[in-house]
Amino acid sequence: MSQFGTSIYHDRVNYFLDHYEEGKIGSYLTVKGAEITNRLQRECAEKFPTPIPLLFGDDVIHGLRTTLPTPLAQSCSWDPAAAERGAAVAAKEAYVAGIKWTFSPMVDIARDPRWGRIVEGYGEDPYLCSRFAEATVRGYQGKEIGEKYHVLACMKHFIAYGGCVGGRDYNEVDMSLQTLYDTYLPSFQAGIDAGAATVMAAFNTVNGVPCSGSRYLLTELLREQMGFDGFVVSDCDSIRELEAHGYAEDQKDAVYKAFHAGINMNMTGDRYSDHIPQLIQEGKLTEQDVDNAVLPILTLKVLLGLFEEPYVDETEAEKVFLCDEHLTACREIGRDCIVLLENNGILPLAENKKVALIGPLADEKRHVLGPWCCLPDPDKTVTVLEGMRNAGLDVTYAKGCDLNESSDEELRTAVCAAQNSDVAVVVLGQHFNMSGEAKSRANLTLPDAQLQLLDTILATGKPVVLLISDGRPTVVESFRDRVAALAYIWQLGTMTGDAVADVLTGKCDANGRLTVSVPRSVGQVPIHYNHPNTGRPHLGLVWYETGYTDEDATPRYPFGYGLSYSSFALSELTLSTDTIPVNGSLTVTCRVTNTGARAGKTVAQLYIRDLVGSCVRPVKELKGFKKVVLEPGASCTVSFELPADALAFHNEKLERVVEPGKFRLWVGQHAHDETLCGEFTVTE
Ligand code: BGC
């Protein structure tokens, strides 16, 4: 698609030629489109006798031209296979645009919804995030590196970026190494085990040392302990920032520290090429060091087949971008991401209902795509209004207000639409640019103008179905018990409207489940289900137990929570044995029955608790999940393999141990569901 990048083409080519000639450039960020990438490759092939092909990388975070649901939304499907499918869609569109390397997946654990980048990851839980990490790596990279229509994955940001104090982006991270190992490393380990080719070093410090300058983190931990053998790229200018951190005395020192730490590639700027020669002259680095750093990059270029075929077919993008197959995937993934939180029975909408569709995001094409869209085509977005009309619903639309401003006239029109309908579907939420990088927020509820609109529509007495589109969990305390139904629709991408209509009409069951705990108020943040216990646990019975004097200690909606249109019962919990050795394994089974009148989906979730440990253990930890689809009245058996090794943690001395002793387990439909409970013992 020649239009992409052509306006900047001449600048890019000149910059490229100058720098390439001096041996300063080997890869390119943000250049996309088959024509421009081919031309740059050609310039390099024609000009130099032994050209090294360029590697084009970009933030293909949730799709390129077809915008898929955001990663946070995708995680709520609890379906790693869906994320793998989405990553393959993104990879194919990237590939035909000449991009062979995506800066995705972000597998940072995110437990603080104030942090804007919560939208880019898979939520608060290490186990769930690990399953999504390996699935997306597979989706991007295919069966092996170099497979056609697949690209290199880049897991980011190593490490613990989501632990930034106060949810403030780029802020310090101060955490025990045990937490680092048990909570923040597993998702990276899962991605490494799945073959992730590259890793991005984080901006933040961990316990006082900037990740981008830490040899302990990037070499000893990532490479030597975790077995990563691809290449590490800086995060943008994170090398330059070592000076601002006060960790390097000048830019040369910053380059030395980053290089020594293990960063193979500087993402932006000329710092490596400016300072490495001098560092060699000074004897601080050797040419062999540079060869060692370059080798994994060249290896991946070879494996990608770039030396044999650096070009991509310029006719393919037109056939691949937004093709039916990709739009279908986007819709099918999208509808499984929607999390229904309240429903008094109004959903699914009865066919003959007259619907007033109200709200600034009801007929909107850009915000519902979310942040980090690579090359979006908002004209192709199916809005909620279009989706509902496509589904044959009788809909009257009124915007009601802008995202942050209201007008009396728009309010009056919306009230009128509500009064003339049986039900008001109200779509509220945030601007796409209110989440993502550098978009931390101290307030997590809806903007005033939208709250006013909601109050006004509620005052008509018509039942309100509230859909919230945001990149983070919105605090819903002031209105959740006044609406007839409430769902987070997140930012679902190109097929938003059809995906939403599929769920509203009941064509598809509401089956998304939360992957982050939803706070009642910002004051509870950070809040997550898998916290360690205290000596004064919150039992809700007495004073002087952990909690707040002015707020409940529990989340409004727990991790794993979400409603279906049907109901499900879990029964017949069986453990294959009640005692396993530290190298053993047990099988946990239970029966899931659809007790409702509709076909539907639910997620059976296995949690454990190590009852007594040499370190205080989390009150619960997810160790398995199974999504099941059942016809009304039908039931099935789900089973989970639970190896004792999955119970391991890092003790005070940072040794990985499985400690003998008693464990409790639960299979439920969310983290607070304790219907099925069992116990087993691990022996020496
Ligand atoms: C972000 C990365 C991103 C990079 C390139 C940085 O600011 O932290 O996640 O991949 O920019 O766009």
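Side chains are part of it too, since the values below use all heavy atoms of this structure and drop only hydrogens, waters and symmetry mates. Atoms within a ligand are numbered from 1 in the order they appear, just like the ligands themselves.
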Using side-chain hydrogen bond (donor to acceptor under 3.5 Å, both in side chains) as the criterion, point out the one residue from Asn171, Asn204, Asp235, Asp169 that pairs with Tyr161.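 It is Asp169; the other options fail the test.
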
Interfacing atoms of ligand 1 (cut-off 4.0 Å, heavy-atom, [X]):
| X | result |
| --- | --- |
| Asp59 | 3 (C), 5 (C), 10 (O), 12 (O) |
| Lys156 | 2 (C), 3 (C), 9 (O), 10 (O) |
| Asp235 | 1 (C), 2 (C), 3 (C), 4 (C), 6 (C), 7 (O), 8 (O), 11 (O) |
| Phe103 | 10 (O) |
| Met200 | 2 (C), 10 (O) |

So, do Tyr122 and Asp108 sit near enough that their side-chain heavy atoms are less than 4.5 Å apart?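 No, every pair of side-chain atoms sits at 4.5 Å or beyond.
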
Anything under 30° is parallel, anything over 60° is perpendicular, the rest tilted; go ahead and classify Phe203 against His157.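 Aromatic pair Phe203/His157 classed parallel.
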
Which atoms form the tightest heavy-atom contact between Leu222 and Val232, and what is the distance?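 Shortest heavy-atom contact: CD2-CG2, 3.7 Å.
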
Hey, is Met106 touching ligand 1 through its side chain, its backbone, both or neither, going by heavy atoms under 4.0 Å? neither

Once you restrict to heavy atoms under 4.0 Å, what part of Glu120 touches ligand 1? Side chain, backbone, both or neither. neither

Would you mind checking which non-hydrogen protein atom is closest to atom 7 (O) of ligand 1, with the distance to 0.1 Å? Glu437 OE1, 2.7 Å

Cation over ring face, Arg131 and Tyr127, 6.0 Å, 45°: yes

Euclidean distance, His260 NE2 relative to Leu285 CG, rounded to 0.5 Å: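 If I round to the nearest 0.5 Å, the distance is 9.5 Å.
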
